[in-house]
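These notes are about the structure you will find just below.
Please read all numbers here as calculations on a predicted model, not as lab measurements. In the text below, chain A, chain B and the rest are named by the order of the sequence lines, each starting its count at 1.
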There are 2 protein chains.
Amino acid sequence: MRRAEAVAGGGPVRAPRTGRPTLEEVAERAGVSRATVSRVVNGQTTVAEDLRRAVEAAAAELGYVPHAAARSLVTHRTDSVALILPESPNRVFSDDQFFPSVIRGVAAELDAAGKLLVLLTTGSAEARSRAERYAVGGHVDGVMFASLHDADLLPELMLRRGVPVVCNGLPHLAAPCIDVDHIGGVKAAVEFLLAKGRRRIATVAGPQDMVAGRERLDGYRQALAAADRRAIVAVGDFTAESGHAAMRQLLADEPDLDAVFVASDLMAHGALQALREAGRSVPGDVSVIGFDDIALATYCDPPLTTVRQPIAEIGRSMARTMLRLLEGREVEPLTILPTELVVRTSA
Amino acid sequence: MRRAEAVAGGGPVRAPRTGRPTLEEVAERAGVSRATVSRVVNGQTTVAEDLRRAVEAAAAELGYVPHAAARSLVTHRTDSVALILPESPNRVFSDDQFFPSVIRGVAAELDAAGKLLVLLTTGSAEARSRAERYAVGGHVDGVMFASLHDADLLPELMLRRGVPVVCNGLPHLAAPCIDVDHIGGVKAAVEFLLAKGRRRIATVAGPQDMVAGRERLDGYRQALAAADRRAIVAVGDFTAESGHAAMRQLLADEPDLDAVFVASDLMAHGALQALREAGRSVPGDVSVIGFDDIALATYCDPPLTTVRQPIAEIGRSMARTMLRLLEGREVEPLTILPTELVVRTSA
DNA sequence: CTGTTAGCGCGTTCAG
DNA sequence: CTGAACGCGCTAACAG
């Protein structure tokens, strides 16, 4: 990996055509020192106009692009941040639109700030340790976590290593968090069902190792308790299949239920199918309300009444918080985004 | 940015607690040289067992993680590769499952190889030049392009800069390409419609600045020409809205059409809606066939007959090709994956 | 098998 | 305002 030696025979010693031009080569071509080129490239204003132009010309002709590694070795910055998606790639990029929407929000905000987004999925133990090494190894300036599980130690680990962290889905951490008002949204949904005269209201809850799963169940319980009604609960894992299975379970346990709040739209889609198979009409026999308001909700048959959470805004907000963190500015320790009931046909 | 100076007063000079341990600190703690630590960290077998253990212990205690920039500055490797998605983040992470599925395939394969995936969207000119600087700047070892547009100069640019490239959607490049058999799949679809006795078969074509758009239209034309029938064409851009508009156009131009091949499932979904609004039954009055076989196809009403392309396999194949390229091995210049007609209800 | 040495390409003092 | 010199943390020759 060493540069070519001078050619034997005493001809003029020319630097070999290396793959990429370096600062030094630009400097030589422009007839200035490396330091001056560096200043120009980094937009310092303390360079004489003619030199600056010479440097810019030389850089353009050579197609100079600073070497990322060399630069970040000395600056300790990379101008890129990671978004960690604590699921397998299969899950992240499935038909659940949650992660894609978060990504979209993050990407938009980072793009505007000229930062780069690195996506990491940590669905396996191996992937998790790779992500750790990646972040701690200084590949990125900070790390954002989407939809964390309770048991995930990665955020704390990174914090301890001095990596700036922003998260979603675990509010009690020593890092700024972005989340939505799960409980308020679910209460509105259940109250809507009660106001419609529904009396036996069940729920398909989400996974209980996640805040989103627990709080949506809490909201349901609180609303029912306030109306002095009994809770009827089945638990799924946010997938359509689990929603289908949970709905069957509910129908078996409680055949006379007349409404169900399902903790995600994807599960609601599965639940609708189970109701159809059981010969129940929606919303005639059973009212159904979902949670998320992803595109699928409008495709459902009938179109799904659901609690909208601003998913892309979670991403945007995380990104903005991270950018502020990287600038050393103050940030809100906890940001709660609003949810709202979107009434369609299923309830 | 300089290390703390020795403390005045002559006490023992201790290295200040820097943010992250370096090779040197591990070496000192283990009582060996930096080189030996480097060897152990990089898994070389030429280190005596006792030293290796001492190094491993020291590294573990200090929580040593190699500094990415320093390493890749000398190795010229980063162990990560980029996947470029030549659309805006909004488009990439929309309800079109194409990109997510490609990502999934790429991620799976790269994961298995211990490489990291960096996702870049190049929907704007600015994003494009940022991606260029990123790749040329040596952040990644190679670049993969998904679903290229004809006019995209980025691949050639990167090639010229010596960056390894693999692409999808532009087969005539000086880089290995992965694509699917568009024409064969579409021919099968149209022939299926003809065999069913359909006589006035229209098409909603995709964007004509992409191979996928052009070849699917070609396949349609070839199959109709072989049957001595007239082509009836409207053009969309692969979105549901454009499919809806194109279908309305077709119905206005050719009210007695009895079948339509739509060049993407998302457009087909829009087309179905337009047909419904126009009071045409599917498949009674009009047969509809889509292209892709994403999850949406099964949600359609009626479930969509469609040409399946192995989207995730495109991603896997791109990743495998890239890995081989990075190892300096031979690769196929062109890989064509098969398509197949999946018959459901809409035709 | 191990340690010593020389850069990788760049930003950044510090003199001039 | 400019250039010379140093070091970021690491790998890879080269000696021993």
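- Computed from coordinates, the A:Leu23 CG to C:dC8 P distance equals 13 Å when rounded to whole Å.
- For residues 65-77 of chain B, every residue pair satisfying the salt bridge (charged side-chain N to carboxylate O under 4.0 Å, His left out) rule, not counting sequence neighbours, is listed here: B:Arg77-B:Asp79.
- Residues passing the side-chain contact (heavy atoms from CB on, under 4.5 Å) test with A:Ser33, sequence neighbours excluded: A:Ala35, A:Thr36.
- Contacts of A:Leu73 with the nucleic acid, taken as non-hydrogen atoms under 4.0 Å apart, include base atoms.
- Qualifying side-chain contact (heavy atoms from CB on, under 4.5 Å) partners for B:Ala113, counting only residues two or more places apart in sequence or in other chains: B:Lys115, B:Leu323.
- Applying the ring pair (Phe, Tyr, Trp, His ring centres under 6.0 Å) rule to pairs touching residues 139-164 of chain B yields B:Tyr134-B:His139, sequence neighbours excluded.
- The salt bridge (charged side-chain N to carboxylate O under 4.0 Å, His left out) analysis of residues 131-159 of chain B, with sequence neighbours excluded, yields the pairs B:Asp150-B:Arg214.
- A:Leu83 is not listed as a side-chain neighbour of A:Val118, based on a closest heavy-atom distance of 4.5 Å or more.
- Rounded to whole Å, the distance from CZ on B:Arg77 to C1' on C:dC8 is 14 Å.
- Between the P atom of C:dC1 and the CD atom of B:Glu49 lies a distance of 11 Å, rounded to the nearest Å.
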Are any protein N/O atoms closer than 3.5 Å to N/O atoms in nucleotides 2-6 of chain D? If there are, list each pair with its distance.
{"unit_1": "D:dT2", "atom_1": "OP2", "unit_2": "A:Ala48", "atom_2": "N", "d": "2.9"}
{"unit_1": "D:dG3", "atom_1": "OP2", "unit_2": "A:Ser33", "atom_2": "N", "d": "3.1"}
{"unit_1": "D:dG3", "atom_1": "OP2", "unit_2": "A:Ser33", "atom_2": "OG", "d": "3.3"}
{"unit_1": "D:dG3", "atom_1": "OP2", "unit_2": "A:Thr36", "atom_2": "OG1", "d": "2.9"}
{"unit_1": "D:dG3", "atom_1": "O6", "unit_2": "A:Arg39", "atom_2": "NH2", "d": "2.7"}
{"unit_1": "D:dC6", "atom_1": "N4", "unit_2": "A:Arg34", "atom_2": "NH2", "d": "3.3"}

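- Contacts classified as side chain to side chain donor-acceptor pair (under 3.5 Å) and involving residues 56-65 of chain A (residues at least two apart or in different chains) are given here: A:Arg29-A:Glu61.
- B:Arg52 has its CZ atom 17 Å from the C1' atom of C:dG3, to the nearest Å.
- At a threshold of 4.0 Å, the pair A:Arg320-A:Glu313 counts as salt-bridged, since one of the basic side-chain nitrogens sits closer than that to a carboxylate oxygen.
- Residues satisfying the salt bridge (charged side-chain N to carboxylate O under 4.0 Å, His left out) test with A:Glu87, not counting sequence neighbours, are none.
- Residue A:Arg71 places at least one side-chain N or O closer than 4.0 Å to OP1 or OP2 of C:dG11.
- In the set D:dT11, C:dC10, D:dC10, D:dC10 carries the atom at the smallest distance from any side-chain atom of B:Tyr64.
- To the nearest angstrom, C1' of D:dC10 lies 13 Å from NE2 of A:His139.
- We find that CD of B:Gln44 is positioned 7 Å from P of D:dA12, with the value rounded to whole Å.
- Terminal axes of the helix from C:dC1-D:dG16 to C:dG16-D:dC1 (five pairs each, C1' rotation axis) are separated by 40°, to the nearest 10°.
- C:dG7 atom P lies 13 Å from atom CD of A:Glu24, rounded to whole Å.
- Between D:dT11, C:dG9, C:dT12, one nucleotide has an atom nearer to the side chain of A:Ser38 than all others, and that is C:dT12.
- Atom pair B:Asp79:CG and D:dT11:C1' shows a separation of 14 Å (rounding to whole Å applied).
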